[in-house]
Number of protein chains: 2
Amino acid sequence: MTIQAGAPLPRRPATIKDVARELDISVATVSRALSKPHMLRPATVTRVREAVDRLGYRPNLVAQNLKLGSTGIVYVVIPALSPFFYDVFRGIERAALELGYSAIVAHTGRDPLREGEYFDQVACGRADGVLLVSTAQLEIEPPHKHTLPPTVMVLESHGHKNFPAVRVDHVVAATQATNHLLELGHRRIAHITGNVRAPMSVKRREGFVAAMAAAGIKNAEENCVPGEFTPEAGQAAMETLLQRPVLPTAVFCSSDEIAVGAIRAIRAAGLRVPDDISIIGYEDQRLSRIYDPQITTVHVPTFDIGYQAMVKLRRILAREQYEHDVVLPTHVFIRQTTAPPKKA
Amino acid sequence: MTIQAGAPLPRRPATIKDVARELDISVATVSRALSKPHMLRPATVTRVREAVDRLGYRPNLVAQNLKLGSTGIVYVVIPALSPFFYDVFRGIERAALELGYSAIVAHTGRDPLREGEYFDQVACGRADGVLLVSTAQLEIEPPHKHTLPPTVMVLESHGHKNFPAVRVDHVVAATQATNHLLELGHRRIAHITGNVRAPMSVKRREGFVAAMAAAGIKNAEENCVPGEFTPEAGQAAMETLLQRPVLPTAVFCSSDEIAVGAIRAIRAAGLRVPDDISIIGYEDQRLSRIYDPQITTVHVPTFDIGYQAMVKLRRILAREQYEHDVVLPTHVFIRQTTAPPKKA
DNA sequence: TTGAAAGCGGTACCAG
DNA sequence: CTGGTACCGCTTTCAA
């Protein structure tokens, strides 16, 4: 076990002045050699480059930001690190790369305080804008009202602030899921919701109930059982459902993770998916493809959402025109967990 | 569809000067009222606070950083956003919170260039240090040699640079996994490796071969089939294994995702896990608990690794003593995919 | 207790 | 083509 003494930090980094002094030229020249080489005599540029190498000089970005007033960074603020978020982030990142930005993930753990902090950081010049990825209720603290940075909502729209958004319509998507089940011939369809405090959960339930009503099935509310966005909650909710005197032939789960839990419960009860009960998930997480059986689910175009959100943020920053609210379409991806109901 | 005109960005944020002018006092006083109120007459402090509120003033962090020379931010640089990374990050975050830092995720997509860029950003004052989470081979570009920022490696040690690290010993861990199988009575044990370019893959294989040799089974190399860290690769590798004239009774998979693929292949062949073939994974990803059956795996203490890495980085930044290389223990978590071999 | 001013490390304008 | 210098917004001596 090697104990490291309070080791010296890397020595003071070279500054532009060091380079200027080394070459006995002005800092202005050094600065130009680096950012606008075409303005200088090639020989000068070369000398500067060499000195820069020799001294290991790197421009201090903080100073650069301060002077320029922009950072080329956007904060991607997310409530929770979830697999669902991957693809969204990939889309953001792709666009950021193309547009010359760095996208940095700021995780809040659903803590409104930290969310506020990150907004502050951005408002205070640490980044140029924020992409607010929402999968749950958001609370942006009032203190920031004066100086909210350029923001676009990703996945959701925001209840209170009227931020520009790139999102999907959960009501429509839930309707699609329900219709898929209906079209297979199911009538006794149950729904396991996500965390009811999350607006998306209530919208999905809303879509479910509406689709059922449109098919002539009233009081579908009674077929809804409250859950959370975890396999454990899905399992518990499915167990409740399995106790009822009359079993559903299909279940619309508010997320893929819930679906995984539901399937486990069904199997534990000695029943089979989809033979006895069909299951449809939501989100099209990687999990739904990996799982055995592969889960039929509502695909949310996460990559595109991320991509377009970043593009929109750029337009805002560049003061170009943009569409305030963009809604992307969802689709049902049919895989192995849905089938027509068994003939009784 | 509402087209938003090139909307005005939030108006120029108030600066410390605005506040000073508003109150007809000096900027120094404003600065002090905010950071060292005890130095001022309480009345002054109050007046300043009010003006700050009124104008919506927030100190510009960039300017503050420039002056103070530190940011309170650490970059968590990761090659790929993976579930495995979650818990590591949670640990980092917990420690960061306790120590008064913000941990920001910088994703490189395994692109050495971007990795270099982030290092630069930090070296150039955008953050105080970096936690380099490695799940694969890393290439830090030479140009940064002069001014590498304070860095600690997380999960791995670095082949070339001798960064301080908090990690596990993959050779030992692989030995544990293999021994578990051996102790159950298995002798025909196969191993599906991860991407062979990743050092961790070769270490795991090394541990496997060593454990087999120690049990008197020579040439275990022949039981190794190359894969990648994905379910698809795991499935393909397992299919290869299933073609062999004599089947293994157990398979040590280099990751949980590989295990998932292997299980799929086994089932597709009409065999059962663990009745016909036992499977052990590695990493203890969330997936291994969610999956049905739950996967026996080697637990890597991801949260602790993250936590301790952040603590170490703080010590480095504070110029305190620290242990250069910290190795945390791993354990086999026995779940549902391993059992004694069938009596033939 | 408060103010004036230097300076953090750059960039860009204005001269020459 | 190059140098001098003001300035970005803030903190912190040094004086008053």
Side-chain angles (χ1 to χ4, degrees), chain A residues 10-49 51-52 55-72 120-128 147, chain B residues 11-49 51-52 55-72 120-128 147 149:
Chain A
R11 70 176 180 300
R12 186 185 67 81
T15 74
I16 197 169
K17 278 182 198 156
D18 298 323
V19 180
R21 194 174 318 114
E22 170 91 0
L23 262 42
D24 202 39
I25 57 179
S26 81
V27 295
T29 305
V30 176
S31 174
R32 279 187 287 248
L34 266 20
S35 52
K36 318 192 158 50
H38 54 277
M39 288 180 61
L40 267 48
R41 211 173 42 205
T44 313
V45 176
T46 313
R47 285 176 57 220
V48 171
R49 292 238 172 91
V52 163
L55 300 179
Y57 166 71
R58 324 225 46 136
N60 180 315
L61 296 177
V62 171
Q64 222 165 9
N65 299 162
L66 180 57
K67 183 64 184 174
L68 264 30
S70 80
T71 61
D120 270 5
Q121 292 199 5
V122 180
C124 297
R126 205 98 93 171
D128 297 347
T147 130
Chain B
R11 71 175 179 300
R12 187 184 67 81
T15 74
I16 198 171
K17 278 184 199 156
D18 298 323
V19 180
R21 194 175 315 116
E22 170 92 0
L23 262 41
D24 204 38
I25 58 177
S26 81
V27 295
T29 305
V30 176
S31 172
R32 280 189 283 248
L34 266 20
S35 51
K36 316 191 157 53
H38 54 277
M39 288 180 61
L40 268 48
R41 216 176 36 208
T44 315
V45 176
T46 313
R47 286 175 56 218
V48 171
R49 291 240 173 90
V52 164
L55 299 178
Y57 166 72
R58 323 224 49 136
N60 180 314
L61 296 178
V62 171
Q64 224 165 11
N65 298 163
L66 180 56
K67 186 63 187 174
L68 264 30
S70 80
T71 61
D120 270 4
Q121 293 199 5
V122 179
C124 297
R126 205 98 93 173
D128 297 346
T147 130

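Lettering follows sequence order; numbering is per chain, from 1. Keep in mind that the numbers below use all heavy atoms, side chains included, and drop hydrogens, waters and symmetry copies.
For the residue pair Ala20(B) and Ser26(B), the shortest heavy atom distance occurs at CB-C, 3.9 Å. Shortest non-hydrogen contact noted between Pro37(A) and Val45(A) is O-CG2, 3.7 Å. Scanning all heavy atoms of the two residues, the minimum distance from Asp128(A) to Thr71(A) falls at OD1-N, 2.8 Å.
As rounded to whole Å, 11 Å separates atom C1' of dC10(D) from atom NZ of Lys36(B). What separates NE2 of His38(B) from P of dT12(D) is a distance of 11 Å, to the nearest Å. We find that CG of Asn60(A) is positioned 18 Å from P of dG7(C), with the value rounded to whole Å. Note: CG (Leu40(A)) to C1' (dA12(C)) measures 14 Å, nearest angstrom. Atom CG in Leu66(A) sits roughly 13 Å away from atom P in dA12(C) (whole-Å rounding). Atom pair Lys67(B):NZ and dC7(D):P shows a separation of 17 Å (rounding to whole Å applied). In this structure, Asp24(B) atom CG and dT2(C) atom P are separated by 13 Å, rounded to whole Å. Rounded to whole Å, the distance from CG on Leu61(A) to P on dC8(D) is 21 Å.
Leu68(B) comes within 4.0 angstrom of the backbone, heavy atoms only, and of no base. Using a 4.0 Å heavy-atom distance criterion, Thr15(B) is classed as a sugar-phosphate-only contact.
The listed nucleotides are dG10(C), dC10(D), dG3(C); the one nearest the side chain of Gln64(B) is dC10(D). When each of dG10(C), dT2(C), dA4(C) is scored by its nearest atom to the side-chain atoms of Ala28(B), the top-ranked nucleotide is dA4(C). With dG10(C), dC1(D), dT2(C) as the choices, the nucleotide that has an atom nearest any side-chain atom of Pro59(A) turns out to be dG10(C).
Ser31(B) has a side-chain polar atom (N or O) that falls below the 4.0 Å cut-off from OP1 or OP2 of dT11(D). Between Thr44(A) and the phosphate of dT2(D), there is a side-chain N or O to OP1/OP2 separation shorter than 4.0 Å. OP1 and OP2 of dC10(D) both lie 4.0 Å or more from every side-chain N or O belonging to Lys17(B). Here Ser26(A) does not reach the OP1 or OP2 of dG4(D): none of its side-chain N or O atoms lies under 4.0 Å away.
The distance from atom CZ of Arg32(B) to atom CG of Leu40(B), rounded to the nearest 0.5 Å, is 6.5 Å.
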Any chance you could lay out the side-chain contact (heavy atoms from CB on, under 4.5 Å) test for Asn60(B) and Thr15(B), step after step, and finish with the verdict?
CA-CA 8 Å; Asn60(B) 180 314; Thr15(B) 74; over 6 Å; no
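DNA chain C is contacted by both Ser35(A) and Ala63(B); Ala63(B) maps to the nucleotide lying nearer its 5′ end (nearest heavy atom per residue).
One donor-acceptor pair, N or O on each side, does fall under 3.5 Å between the base of dG3(D) and the side chain of Arg32(A).
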